Number of protein chains: 2
Amino acid sequence: MKLSTKGRYGVRAMFDLALHYGEGTTPLRSIAERQNISEHYLEQLIAVLRKSGLVNSVRGAHGGYLLAKEPPEITIGDIIRALEGPIAPSDCVAEDVEKDCENIEECITRLIWKQLQESINEVLDSISLEDLRQEAINAKQKDGHHGYLYHI
Amino acid sequence: MKLSTKGRYGVRAMFDLALHYGEGTTPLRSIAERQNISEHYLEQLIAVLRKSGLVNSVRGAHGGYLLAKEPPEITIGDIIRALEGPIAPSDCVAEDVEKDCENIEECITRLIWKQLQESINEVLDSISLEDLRQEAINAKQKDGHHGYLYHI
DNA sequence: AGAAAACCAACAAAAATAGTCGGGATTAAA
DNA sequence: TTTAATCCCGACTATTTTTGTTGGTTTTCT
């Protein structure tokens, strides 16, 4: 029950773009440096996000990436599903798969995975990039020097 | 965001034991056959469940496994956490790990993983083996011939 | 032209997953 | 007392997924 770096890096990259929303394009190198992620690896992830219609790109010098929609219109769920595939704790609850349960016990445990799937989607779809942006603004106001408010 | 077979097989095995609760021990082979899971692989999983105090074992001929507590006292969360480790979408929200976020963005995305973790645990801890047992009884009553009610 | 960037495809190391294999220890029953 | 059923244990292995790396090509601004 863990997200891979794909999802986590992807969310951070999109969050980074959200913080620079309205300022034109952001080159991948800047995102990678700020977020401390391998640039080439992030390239692969953002390619997926582009193909999913979540970011646009501008090629050439002074090019870069930018959000394809406004921050309130992009949810964490959109990002995670693009990068990690549909959220399905078990294959039998994935939308595109038609798989028969082999026995009644399997059918019943399926109820669990269905509930879990719905709950996860609900949480992830309830948080938009705008929400994160607001959190960041609040955090900075409370603690001027970039303050690591949420350390464990 | 997918559970491995460890968690899913484990839940099915425990469910199987719940359906036979009060009937003494159940040999692993029976569980493996009914649930169509490799016996040797399931052995490894049930060893973990035993060490976690969720099942007891009886060695020797006519031995087998049985639930260590009553079905209402065992939740799906107990089983999943035993087999897959603590539910933590990101390491920074795992209880045993003290990891500093490296920048403010990472700290803010952490809020997502924390919310997600809580939601997942809530769902999984709200379902007990007894709940599944009741579902099974209902399903059988409605459809006498072992009826695959929950097919997609 | 030159530099900055996106874009692309193949490769590869490391880790996790999903088992398999072979035997040893324990116990009930014949 | 042997035998069969069963749990117990450790080592091995194949496959897949993750997490990148390498080395380019193309596009566009200055």
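All of these numbers come straight from a predicted model, not from anything done at the bench. Naming: A, B, ... by sequence-line order, numbering from 1 per chain. No hydrogens, no waters, no symmetry mates; every other heavy atom, side chains included, goes into these values.
Contact annotation: Ser57(B) side-chain N/O to dC8(D) OP1/OP2 distance is under 4.0 Å. Between dT19(D) and Lys6(A), no contact under 4.0 Å exists linking OP1 or OP2 to a side-chain N or O. For dA4(C), the OP1/OP2 oxygens have no side-chain nitrogen or oxygen of Arg59(A) closer than 4.0 Å. In this structure, Tyr9(A) reaches the dG20(D) phosphate: one of its side-chain N or O atoms is under 4.0 Å from OP1 or OP2. Side-chain N/O atoms of Ser38(A) include none lying less than 4.0 angstrom from OP1 or OP2 on dT19(D). Distances shown here put every side-chain N or O of Ser4(A) at or beyond 4.0 Å from the OP1 or OP2 atom of dT17(D). For dA18(C), the OP1/OP2 oxygens have a side-chain nitrogen or oxygen of Thr5(B) closer than 4.0 Å.
For the pair His40(B) NE2 and dA18(C) P, the computed distance is 18 Å after rounding to whole Å. Note: CG (Leu42(B)) to C1' (dT6(D)) measures 14 Å, nearest angstrom. Distance Arg12(B) CZ to dA18(C) P: 13 Å, rounded to the nearest Å. For the pair Gln44(A) CD and dG20(D) P, the computed distance is 10 Å after rounding to whole Å. For the pair Tyr41(B) OH and dC12(D) C1', the interatomic distance rounds to 15 Å; values are reported in whole Å. Separating the CZ atom of Arg8(B) from the C1' atom of dT17(C) is a distance of 11 Å, rounded to the nearest angstrom. Going from atom CG of Leu83(A) over to atom C1' of dT17(D) covers 15 Å, rounded to whole Å. Between the CD atom of Glu43(B) and the P atom of dA5(D) there is a distance of 16 Å, given to the nearest Å.
For the pair Ile46(B) and His62(A), nearest-nucleotide mapping onto DNA chain D gives the more 5' position to Ile46(B).
Within the 4.0 angstrom heavy-atom criterion, only backbone atoms of the sugar-phosphate kind lie near Gly63(B); the bases stay farther away. At a threshold of 4.0 angstrom between heavy atoms, the contacts of Arg50(A) are confined to the sugar-phosphate backbone, with no base atom among them.
Under the 4.5 Å side-chain criterion, counting only non-hydrogen atoms from C-beta, Leu129(A) is not in contact with Tyr21(A). The shortest side-chain heavy-atom distance between Trp113(B) and Val11(A) falls under the 4.5 Å cut-off.
With distances taken from any side-chain atom of Ala61(B) to the nucleotides dT17(C), dA4(C), dA5(D), the minimum falls on dA5(D).
Ile108(A) approaches Glu135(B) most closely through the heavy-atom pair CD1-C, 3.6 Å.
The residues Arg29(A) and Glu39(A) are annotated as salt-bridged, a charged nitrogen and a carboxylate oxygen being separated by less than 4.0 angstrom. Using a 4.0 Å cut-off between charged nitrogen and carboxylate oxygen, Arg81(B) and Asp125(B) count as a salt-bridge pair.
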